[in-house]
Amino acid sequence: MNNDSQSRQDQVRVRFAPSPTGYLHLGGARTALYNWLWARKTGGVFLLRIEDTDTERSTQESLQEILDGLTWLGLDWDEGPSLQTENVPRHVEAAEKLLKSGHAYRCFCTKEELESQRAAAVENKVAFMYDGRCRNLSDGEVQEKLALGMPYVVRFGVPRDPSFSVAFEDAVYGRVEKKGQDIEDFVILRSDGRPLYILSNAVDDASDRITHVIRGADGIANTPKQVLVYRALGITPPTFAHMPLTLDNKKAKLSKRKHGEVVTIAYYRSHGFIPWALCNFLALLGWSSADGKEFFTREELVEAFDLQRINRSNSIFNYVPGDAKNWTDPKAIHFNATYIRTMPLEELVPYVEEELKAEGLWQDSYAADERDWFFKTLDLIRARFHTLKDFSTRGRCYFSDAYEFEEKAVKKNLSDPILGDLLPELADRLEALPQFVHDPIEDVFRSYADRKGVKAGLLINAVRTAVSGTSVGPGLFEMLETLGKGRVVSRLRGIGDRLTPAKLENEEAVTG
RNA sequence: GGUCCCAUCGUCUAGAGGCCUAGGACACCGCCCUCUCACGGCGGAGACACCGGUUCGAAACCGGUUGGGACUGCCA
């Protein structure tokens, strides 16, 4: 019992706190992942808090997409999602407390005044920082302005002792210290009374009893301000762990506006990624395991993950626009392909089922009478696939007779005129086989090639293209066995009109 | 402009002063395997940004330079 309450007190509590103003993107997912990993590793709690205080930009669709994305990735949360807007009264209360304790003050400067000051500073290339003029207003002056109904914001009054500085120990970056004189008297409450991020975030982290704030390094700059808020409120700040940012190949921030859908999680879902493959890839952007291992099951990654092994330098998401083969970071594709190729079949099957259903290629028998055939087929074809999409595109010929013929493949493998005579005869011989399995099929090909004085390769490649439409794929004899006698024979017999340009012309002449 | 952070192959990274003529992964190239394409195996090319200092010894520590990034909102 005692132990329980003790451990509850020490229990790690982390959160993912996105603002629902856009899509769940790679950076956000990685932040969520690191938090989730830390919670799972420590037996802690992972909570989800939606920071929707920017009411102008927050949308329901965005929130839904974030939730869907996290669910798809398998990053389950233990508490929430809570909405930050519901906590606004608590934030305002904190601001009032700070006002009373003298840590904050009312500032009556208008936006316009500040903006012109800022513009002038930029023009003169000098640092702009609010000069704190309202800080020295007497009680009488404040009352007077309030009586006049003048709008005001609430600013945090940073101690102005020249020797004052704030410091915190970052779990990734080490000690971070900032001089008080380099910190502006920042706004914590807008003139309409709504709280701002620095305040809300700190107050919510405190009331959510967050122990570790794991977030992007872009948050490091305002962490000293938040530490100031915590202290003024008499709260012990959480441990901060800032993770390096992920940038594009020009070292610019990843954004949907600039890079398009490729930075959104939804894109990977719709383009045939295994969710865990994406997580595994993302984990390695800014973190590495001590033993150099790269592929992890969830359990293994939870076990191996450690805040201390998070990098300090930004990483680059190696996406090159316009590269058809590498439509996203090549290493991400490699991870996905490796998962597809090596994961337990029973785990892969549901993903493929979903894909085939979406493309109208699914048969209920695949889960019943033909289950064994289905598993065997997936096992045969998955080795060459990069995404789940490949099962419905490149793998189409295994599930449907309506597969495409690649022009290049037809030209390469079906252009020899002799095939017009060979293929139908070969079909007859295959049809006559009592056992339509690998070795007998191969015997038919080899002996028929011998008899006709052609290379077996000619027949093999021609048949591959005839039954699948492409020039690449698994070993032909296993492929034919999987396809089954009926399909193979009918496809070979139906191939006539695709055979040679000469033959095509003849047929046209006859018809015309 | 100011404050802060970062700096190893094209990319992700290992590296806590001698284990480094710098290791792994992806991508690339070659060879092998082979009915094609993958997989796999073997091999190749490919990096410590620069300059100083500390030290017997520096990729590692210190300083500077350069480069990059973050922040600099009554956004989050």
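Each chain gets a letter, A, B and so on, in the order the sequences are listed, and its residues count up from 1.
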>> Nearest whole Å is fine: how far is rC6(B) C1' from Y173(A) OH?
In response: 7 Å
> rG73(B) pairs with which nucleotide, Watson-Crick or G-U wobble, both distances below 3.5 Å?
Replying inline: none
> Does the side chain of C107(A) reach to within under 4.5 Å of the side chain of R135(A), using non-hydrogen atoms?
Replying inline: no
>> Let me spell it out: for each of A456(A) and S19(A), pick the nucleotide of RNA chain B with the closest heavy atom. Which residue's pick is nearer the 5' end?
In response: A456(A)
> Contact class for I198(A) vs. all strands (heavy atom < 4.0 Å): base, sugar-phosphate, or nothing?
Replying inline: nothing
> Looking only at N and O atoms, is any donor in the side chain of S191(A) or the base of rC74(B) less than 3.5 Å from an acceptor on the other one?
Replying inline: yes
> With a 4.0 Å cut-off on heavy atoms, is R309(A) in touch with a base, just the backbone sugar-phosphate, or nothing at all?
Replying inline: sugar-phosphate
> Between the base of rC75(B) and the side chain of R57(A), is there any donor-acceptor pair under 3.5 Å?
Replying inline: yes
> Base, sugar-phosphate, or nothing: which does K251(A) touch, judged by heavy atoms less than 4.0 Å apart?
Replying inline: sugar-phosphate
>> Is the ring pair H259(A)/Y319(A) parallel, tilted or perpendicular, if the boundaries are 30 and 60 degrees?
In response: perpendicular
> Partner of rA45(B) by Watson-Crick or G-U wobble geometry, both contacts under 3.5 Å, or none?
Replying inline: none
> Does any donor-acceptor pair link the side chain of R384(A) with the base of rC37(B) at a separation under 3.5 Å?
Replying inline: yes
> So is R30(A) actually on top of Y34(A)'s ring, under 6.0 Å and inside 45° of the axis?
Replying inline: yes
> What is the pairing partner of rU21(B), taking Watson-Crick or G-U wobble pairs with both distances under 3.5 Å in any strand?
Replying inline: none
> When you compare rA25(B) with rU8(B), how far apart are their C1' atoms, in angstrom units rounded to a whole number?
Replying inline: 15 Å
>> Does the structure show a Watson-Crick or G-U wobble partner for rC26(B), both distances under 3.5 Å? Name it, or say none.
In response: rG10(B)
> If we take the P atom in both rU55(B) and rC71(B), what is their distance in whole Å?
Replying inline: 41 Å
>> Is it the case that rC74(B) (base atoms only) and R194(A) (side chain only) share a donor and an acceptor within less than 3.5 Å, ignoring hydrogens and angles?
In response: no
> Is the distance between the ring centroids of F477(A) and F445(A) under 6.0 Å?
Replying inline: yes
